[in-house]
Amino acid sequence: MAEVALRSVRKSFGRSQVIQGIDLTIQDGEFIVFVGPSGCGKSTLLRLIAGLEDVTEGELLIDGEVVNDRTPKERGIAMVFQSYALYPHMTVFENMAFGLEISKLSRREIDERVRRAAEMLQIGELLDRKPRELSGGQRQRVAIGRAIVRDPKVFLFDEPLSNLDAALRVQTRIEIAGLHRQSRATMIYVTHDQIEAMTLADRIVVLNAGQVEQVGTPLDLYHRPANLFVAGFIGSPQMNFWASEVLAIAQASVAIRLPSGGRLEMPAVSDGLAPGDRVTLGIRPEHLAVTEAGESGLRGRIDLIEQLGESHLLHIRVEGGSIITARLPGDAQRASGGEVGLQLPVDQCHLFDKAGQSVMRPVSTLS
Ligand SMILES: Nc1ncnc2c1ncn2[C@@H]1O[C@H](COP(=O)(O)OP(=O)(O)OP(=O)(O)O)[C@@H](O)[C@H]1O
Ligand SMILES: [Mg+2]
């Protein structure tokens, strides 16, 4: 059980600062997921927490104590990497027990811990095998098992499932969720996978270029992204964006003009906005309503349809030339080249000012 806190943490490699000052408190027992584009500093942040890299500036605390100078062992943290380096000449049992051999645990205690972890991960039958006799998914579970047997206060996972096929990813994801539920350990998990982030996280931390863009529950980030970056990053396919212009402002709403010429009244905060300002309207593919051509002011032509089975993705070329994406149920009858109308339900739209910050009113003030 442990709370992990970062206070103005910075990390430089030579002259390049890759972590730009991060403040974050991860509560005891919380499941935190780091997401962000490649190179934004996710792995570096995990390595700093684990003690595999030195913090250049700032403080790292575990349960209120500064641990900057503690070795990885002293921190009570176990890390699972994307590339699970198992010892090829050792059996699964030996691989899992290896970290414990040097501890003061008795043989019996070690044996018990390994068997309990193996049971939980459904690799109990494989304990006598060598890594080369295992599938990729089984090897990854051994790597997770190796972390579990150490009974750490904090688990760090760096894209642990990215080498697995789709079905195994789902299965192992569920196992990790189960492991969290049982152990109530603090977990920090890095992934590129939206579904893993949304389903596993108590809170998601969106990182960009070594900085935190937003921290929130998965649904907070989905429904109330604080800025364009988060809006574009969370959700797949990506949110559609339209360059628009402020027409008029009222106390609790902002009227904007769409590129097509249409007008939309948004429940936005008008402070700091003025008529003529450039703003960006955002709407997710699943919230765009597709109608028959002529039923809506906004029109487009279907460029391409991607059939996903449970849904269709329509790539629609709208007036002005840009392409937007709409998600429709899989049984919707649409054909490429067809003309459609588009409706933008304002309660599902997002509005961002010219600096890219959301200007939507907080939900509690929506009537
Ligand atoms: N040992 C190092 N020396 C110099 N630069 C490094 C070192 N490790 C990482 N970097 C740089 O720090 C930045 C962040 O790297 P990091 O591995 O943390 O990114 P990431 O978010 O994990 O990316 P990915 O999603 O591709 O794994 C990158 O620009 C990387 O090149
Ligand atoms: Mg990485």
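Start at 1 with the first residue, then count along the sequence. Just follow the structure's listing: the first ligand is 1, and inside any ligand the first atom is 1.
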**Message:** Under 2.8 Å from the Mg ion (ligand 2), is there any N, O or S atom belonging to Ser43?
**Reply:** yes
**Asked** Has ligand 1 got any nitrogen or oxygen that is less than 3.5 angstrom from a nitrogen or oxygen of Cys40?
**Response** yes
**Request:** Please name the residue in the list Glu339, Glu306, Glu292 that meets the salt bridge (Lys or Arg N to Asp or Glu O under 4.0 Å) test with Arg334.
**Result:** Glu292
**Message:** For atom 15 (O) of ligand 1, what is the closest protein heavy atom, and at what distance to 0.1 Å?
**Reply:** Thr44 OG1, 3.6 Å
**Request:** Examine Val18 against ligand 1 and note whether any of their N/O atoms are separated by less than 3.5 Å.
**Result:** no
**Item:** Residues Glu159, Lys42: salt bridge by 4.0 Å N-O rule
**Value:** no
**Residue, atom name and distance, where the atom is the protein heavy atom closest to atom 24 (P) of ligand 1** = Ser38 OG, 3.6 Å
**Item:** Closer than 4.0 Å: a protein non-hydrogen atom to atom 26 (O) of ligand 1
**Value:** yes
**Complete:** Ranked by distance from atom 17 (O) of ligand 1, the top protein heavy atom is Ser43 CB, 3.7 Å
**Message:** Closer than 4.0 Å to some heavy atom of His192 - which atoms of ligand 1 meet that?
**Reply:** 25 (O)
**Prompt:** Roughly how far, to the nearest 0.5 Å, is OG1 of Thr71 from CG of Leu52?
**Reply:** 10.5 Å
**Message:** Can you confirm whether Pro237 sits close enough to Arg327 that some side-chain heavy atom of one is under 4.5 Å from a side-chain heavy atom of the other?
**Reply:** yes
**Message:** Before you tell me yes or no, could you show the steps for Asn227 and Gln214 under side-chain hydrogen bond (donor to acceptor under 3.5 Å, both in side chains), namely the whole-Å CA-CA distance, both residues' side-chain angles and the distance that decides it to 0.1 Å?
**Reply:** CA-CA 8 Å; Asn227 54 47; Gln214 190 174 359; 5.6 Å; no
**Item:** side-chain contact (heavy atoms from CB on, under 4.5 Å) evaluation trace for Arg115 with Glu119
**Value:** CA-CA 6 Å; Arg115 283 181 203 285; Glu119 196 78 7; 6.0 Å; no
**Asked** Among Ser162, Ser16, Gly39, whose heavy atom sits nearest atom 20 (P) of ligand 1?
**Response** Gly39
**Asked** Nearest to atom 6 (C) of ligand 1, what protein heavy atom do you find, and at what distance?
**Response** Phe13 CD1, 3.3 Å
**Asked** Is atom 2 (C) of ligand 1 less than 4.0 angstrom from some protein heavy atom?
**Response** yes
**Asked** Side chains of Ser43 and Asp158: do they bring a donor and an acceptor to under 3.5 Å?
**Response** yes
**Request:** Could you tell me if any non-hydrogen atom of Glu159 lies under 4.0 Å from any atom of ligand 1?
**Result:** yes
**Request:** Using the ring of Phe352 (Phe, Tyr or Trp, six-membered ring only), decide whether Arg278 places NZ or CZ under 6.0 Å from its centre and within 45 degrees of its axis.
**Result:** no
**Gly36 touching ligand 1 at heavy-atom level, < 4.0 angstrom** = no
**Item:** Distance-only side-chain donor-acceptor flag, Glu196 / Tyr189, under 3.5 Å
**Value:** yes
